[in-house]
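Predicted model, so just to flag it, every value in this text is computed and none were measured. Order of the sequence lines sets the chain letters (A, B, ...), proteins ahead of strands, with each chain counted from 1.
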Amino acid sequence: MKVYIELGEWYSKFTNGKRNFELDCDEGTSVFEIISSTGIPIDEIGITTVNSEIKDSGWIAMNGDRIKVYPMIIGG
Amino acid sequence: MIYEKYIRVLYIDLTTSKIRIEHRKDLHDYLGGVGVASKLLEENIRPDLDVFDENQPLIFAIGAASTIFPVITKTVAMFWSPLTMELGESYAGGRLAMTMLTAGYDALVITGKARRPSYITISRNDVEFKDARAMWGMSNDETGRVIREREVGHGKRSIIRIGPAGENKVRYASVCVDTYRHFGRLGIGAVFGSKNLKAISVVGDRSIHSKDFKEYFKVYQDIYKRVTSTEIMSKYHDIGTPINIEPLNIAGGLPTKNLRQNVYEHGEKISGETFTEKNLVRKMACTGCPVGCIHIGQIRKEFDKGYEYEAINVGYDYELIFALGSFLGVKTSDEILELIEEVEKYGLDAISTGIVLGWATEATMNGLISEEQSLVKLSFGNTENYLKAIKYISTSKNEFYRTLGLGAAKAAEVYGGKDYAMTFAGNEMAGYHTGYGMALGSTVGARHSHLCNGGYSLDQSASSYTPEEIVEKVFEEEKERCMLNSLVICLFARKVYDRKTIIAALNSIGNSYEDDELTKIGERILATKMRVKKMLGFDFSNIRLPKRFFETPSMKGKIEEDVLYNMVDLYSKKIEELMSKSE
């Protein structure tokens, strides 16, 4: 199946400059597994939305899903 | 002092213009920083006198490894907060820690009141008391410029100063440190003002020699590598803390329009990426930090008719963007920078100013404040009028603005609207409406700051904690941060400085500590802070948060009042236990 990944600018350093791209993956793959496969370090995976709704990273993606990843909230 | 088993304290009396230096062996058990400062505050504070009485102390301290290792860059200031009327504690970077270290002082205790507006210069062998009458009324920026021209020590000097808000004792006035850093919170600027103290210049020129350079350099390099070559700190350098706007907004944790909303419809226009694309012109670092997280944005301002423009550089961070942006419904990065510049000029704490103005705007909407009182119509998104209001607060323009200068909680006591004066025990809220971690952390934190225990970071953890687990984690982190702040590590590097690293760093410069000793230091410091708070009348059971916190859903959903107060109760029992153990 295919999913669409959308990333903020900061993440592009992990994905060879790519911010919006299509990804092939097996059915039953979790959002976490999909994002990890893009090269983003797991510690940097913050809030994730699937088709504009916040989902936890264990959510199982479906064909055609648009997955957007936001950085972890930082501060002291 | 490095390699010494004592803390070198410089006492300065502004009333008599006298100084003395003490080598305090007894303070060595507090490691330095907030530990030493808490103990000195406990020794010198006068709860029997007015908060602005000249006998009240103002304390600064650095830690045992300040600027000797990467990112250990901060100085702590402690005082009786005129805003919350309890523990005052604030941190700043810049060059101050480096200059205190190289001038040879671990801590400064300033008491008394100068007869006239004054500034002091501190160097290795000398303290001078100087006339600042010509500077009274000047902005932070102008004051810094004048002292830079007058005083020696370029490159080895730190200049900390107040603007008109501090002179007028606005209770959330800040102290500017080396232009782009601040002792921002809890009204330390007003304490300076109450002492007729416009500025302090510290010049340090002492060399520090390592007794075991090989070991020191090995540890230094290891830390440096982790700071610069891993992803732990890169976000702080790249986009900086404003990167938070987007995730907080999408998740419903961005306080907006006086927390009437948790999502900002114009969030994208004020995001970290927007600031980077439109305004960022420079990045800077505190002395001793290889990261460079200070983001400077530029705005163009017309200063006269006839196409006369100037470029103004303004430091920005997440908290400032939230407080003067989403919280006030301001829609563009340029307008936010204008507001930051105004707050900077007058020397106010940006967070408190935004929250105070948010309350004033809603109180105006609800008919509690007339335009006759506020002189300008305060409405969300009206930057022009907010700029005027900032000036009026700083200069105590009329009775209404004098009251606003007391903070949001006090203003609501006078005019009404307590349910939406967004403070934690009198301290204006930080920009995270994330859930129980943040709500509990800020309520019980020793200075009611989100940074006391980082409770907000629990709210974004993948795990869902029970209320009891949150209490436990907040309590443990509060103690740990007391230890970290005794070294005065920049908390951005919290993940770099784990226990193993801290012990290796201290050992390499002749300070041998074991893991459990560091735990005890953290506990000792927290108990000291709590004793000071108790002395000033603090009681957990008196805390009540504005209803708005419970009405507007947080990032983790609605916060239930009874659940939160039960958590506060549980936490207070842990504190009682800690204090009885330390007696």
Side-chain angles (χ1 to χ4, degrees), chain A residues 3-23 25 28-62 64-76, chain B residues 74 91 230-254 268 271-274 276-277 293 317-319 322 430-432 434 438 449-454 456-457 459-464 481 484-485 489-495 555-556:
Chain A
V3 293
Y4 301 92
I5 307 290
E6 293 174 34
L7 304 171
E9 190 190 335
W10 183 74
Y11 280 128
S12 59
K13 67 203 291 186
F14 304 111
T15 56
N16 295 323
K18 285 192 293 182
R19 290 182 59 183
N20 301 305
F21 52 93
E22 211 174 71
L23 206 65
C25 57
T29 313
S30 72
V31 166
F32 178 79
E33 287 165 327
I34 293 168
I35 300 166
S36 302
S37 73
T38 65
I40 294 174
I42 52 171
D43 286 349
E44 300 298 344
I45 301 172
I47 291 156
T48 308
T49 61
V50 178
N51 304 326
S52 303
E53 278 183 31
I54 296 177
K55 300 288 180 198
D56 74 44
S57 52
W59 181 263
I60 303 298
M62 308 277 281
D65 276 351
R66 301 192 84 84
I67 299 171
K68 194 162 179 181
V69 194
Y70 296 86
M72 292 290 280
I73 295 159
I74 56 170
Chain B
K74 297 222 174 186
Y91 294 81
T230 67
E231 291 309 324
I232 299 179
M233 303 289 291
S234 72
K235 253 184 287 183
Y236 291 101
H237 175 76
D238 295 345
I239 295 178
T241 54
I243 203 169
N244 287 347
I245 292 277
E246 217 187 351
L248 280 166
N249 201 32
I250 199 82
L254 180 65
E268 210 174 304
S271 71
E273 289 186 9
T274 302
T276 307
E277 283 160 17
C293 76
D317 254 311
Y318 167 68
E319 295 292 353
F322 126 77
Y432 307 90
T434 51
M438 170 62 182
S449 156
H450 63 300
L451 297 173
C452 293
N453 45 54
Y456 67 106
S457 66
D459 295 327
Q460 66 167 335
S461 163
S463 327
S464 281
R481 287 185 179 214
L484 289 166
N485 287 334
I489 288 165
C490 172
L491 291 174
F492 287 178
R494 170 82 180 79
K495 285 183 186 165
M555 184 174 100
K556 285 271 192 180

Side chain / backbone / both / neither for Ser52(A) at chain B, heavy atoms under 4.5 Å: neither
Relative to each other, are the rings of Phe14(A) and Trp10(A) parallel, tilted or perpendicular (30° and 60° limits)? perpendicular
Measure distances from Ile54(A) to the heavy atoms of chain B and classify the residue's part below 4.5 Å as side chain, backbone, both or neither. side chain
Heavy-atom closest pair, residues Lys556(B) and Asp459(B): CE-O, 2.5 Å
Are any non-hydrogen side-chain atoms of Tyr4(A) and Asp65(A) less than 4.5 angstrom apart? no
Just give me the residue among Leu491(B), Ile232(B), Asp317(B) that pairs up with chain A most often, heavy atom to heavy atom, under 4.5 Å. Leu491(B)
Cut-off 4.5 Å, heavy atoms of chain A, and the answer for Glu246(B) is both
Side chain from CB out, backbone as N, CA, C, O: work out which of these in Phe492(B) comes under 4.5 Å of a heavy atom of chain A, or both, or neither. both
Side-chain donor or acceptor of Thr274(B) paired with backbone N/O of Glu268(B) under 3.5 Å: yes
Is the shortest heavy-atom distance from the side chain of Thr38(A) to the side chain of Tyr11(A) under 4.5 Å? no
Please flag which part of Ile250(B) lies under 4.5 Å from any non-hydrogen atom of chain A: side chain, backbone, both or neither. both
Rounded distance (nearest 0.5 Å) linking atom NZ of Lys55(A) with atom OG1 of Thr49(A): 10.0 Å
Using non-hydrogen atoms and a 4.5 Å limit, figure out which bit of Tyr91(B) sits close to chain A: side chain, backbone, both or neither. neither
With a 4.5 angstrom heavy-atom cut-off, which part of Ile74(A) approaches chain B: side chain, backbone, both or neither? both
If you count heavy-atom pairs under 4.5 Å between each of Leu451(B), Ile243(B), Ile239(B) and chain A, which one has the most? Ile243(B)
For each of Ala493(B), Cys490(B), Ser234(B), tally heavy-atom pairs with chain A at distances under 4.5 Å, and name the one with the top tally. Ser234(B)
Taking only Lys NZ, Arg NE, NH1 and NH2, and the carboxylate oxygens of Asp or Glu, determine whether Asp43(A) and Lys495(B) approach each other closer than 4.0 Å. no
